[in-house]
**Q** 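Let me give you the structure first, and then I'll get to my questions.
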Amino acid sequence: MYKIDSFNTKPKKILTKEPNIDQTSLIKDCSFGEYVQIEAHNNIQESILDSYSYTSENCQIMNSTIKKFVNIASYVRLNPSQHPMMWASQHHIQYRKEMFGFGVDDDSFFDWRREKKLK
């Protein structure tokens, strides 16, 4: 019988006023309040997280405003990208034309998506 007191434990964290963001997270065009903590493998884009809020691992947050003292659990997905339900097809080829070599991306579509902000 082997007794294990601890294994692969993380050291106690002391947060700083500046955002505390894990190096594995992707952050694009965001604003953060004081003492914000972003754990590993998050994808946060075009969002605001106010002071003392944190995310656990593997979260996706798009076009959202998170108020103060909010705790977000692992694997939470907030405001996933909107799809054009009114179009005949929702395929990327409709608005991500550059990906397929068929011209320029449809910026008006991405502006429409940004208007659908989660607050």
**Q** For T55, run the side chain to side chain contact (heavy atoms under 4.5 Å, CB included) check against V36, I66, I21, I61 and tell me which one passes.
**A**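 With T55 as partner, side chain to side chain contact (heavy atoms under 4.5 Å, CB included) holds for just one option, I61.
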**Q** For D22, which residues count as a side chain to side chain donor-acceptor pair (under 3.5 Å) partner, sequence neighbours excluded?
**A**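 With sequence neighbours excluded, D22 shows a side chain to side chain donor-acceptor pair (under 3.5 Å) to T24, given in chain and number order.
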**Q** Under 4.5 Å between any side-chain heavy atoms of V104 and E98, yes or no?
**A**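 They are in contact (side-chain heavy atoms under 4.5 Å apart), so the answer is yes.
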**Q** With sequence neighbours excluded, tell me which residues meet salt bridge (charged side-chain N to carboxylate O under 4.0 Å, His left out) with K13.
**A**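 By the salt bridge (charged side-chain N to carboxylate O under 4.0 Å, His left out) rule, K13 matches E39.
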**Q** For S56 and A73, indicate whether the former's side chain and the latter's backbone hold a donor-acceptor pair under 3.5 Å.
**A**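 No: the side chain of S56 does not pair with the backbone of A73.
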**Q** Does a salt bridge link R114 with E46, judged by any charged N lying under 4.0 Å from a carboxylate O?
**A**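 Yes.
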**Q** Run the ring-ring contact (aromatic ring centres under 6.0 Å, His included) test against H41 and tell me which residues pass, sequence neighbours left out.
**A**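 Residues passing ring-ring contact (aromatic ring centres under 6.0 Å, His included) with H41: none at all.
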**Q** Please check if any side-chain donor atom of N43 sits under 3.5 Å from a side-chain acceptor atom of Q45, or the reverse.
**A**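 Their side chains do contain a donor-acceptor pair, which is all the 3.5 Å distance test asks for.
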**Q** Go through the structure and list residues passing ring-ring contact (aromatic ring centres under 6.0 Å, His included) with Y35, not counting sequence neighbours.
**A**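 Applying ring-ring contact (aromatic ring centres under 6.0 Å, His included) to Y35 gives Y52.
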**Q** For the backbone of N58 and the side chain of S74, can you confirm whether one donor and one acceptor N or O come within less than 3.5 Å of each other?
**A**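 Not confirmed, S74 side chain does not pair with N58 backbone.
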**Q** What's the shortest heavy-atom distance between N63 and R113, and which atoms?
**A**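 Here N63 and R113 meet closest at ND2-O, 3.8 Å.
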**Q** I need the minimum non-hydrogen distance between A40 and S25, along with the two atoms involved.
**A**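 Of all heavy-atom pairs spanning A40 and S25, the closest is C-OG, 3.9 Å.
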**Q** With a 4.5 Å heavy-atom cut-off, do L118 and T65 have their side chains touching?
**A**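 No, side chains not in contact.
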**Q** Set out, in order, the CA-CA distance, both residues' side-chain angles and the distance that settles side chain to side chain contact (heavy atoms under 4.5 Å, CB included) for D106 and Q94, then state yes or no.
**A** CA-CA 8 Å; D106 183 357; Q94 301 266 13; over 6 Å; no
**Q** Once ring pair (Phe, Tyr, Trp, His ring centres under 6.0 Å) is applied, what residue pairs with a partner in residues 4-32 remain, sequence neighbours excluded?
**A**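 The answer is none; no pair qualifies.
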**Q** Backbone N or O of G33 within a donor-acceptor pair of the D50 side chain at under 3.5 Å?
**A**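 Pair absent, no side-chain N/O of D50 close to backbone of G33.
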**Q** Minimum heavy-atom separation for C30 to I44, with atom names?
**A**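 Reported closest heavy-atom pair: SG-O, 3.4 Å.
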**Q** Mind checking what makes side chain to side chain donor-acceptor pair (under 3.5 Å) contact with S6, not counting sequence neighbours?
**A**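 Per chain and number, S6 pairs via side chain to side chain donor-acceptor pair (under 3.5 Å) with no residue.
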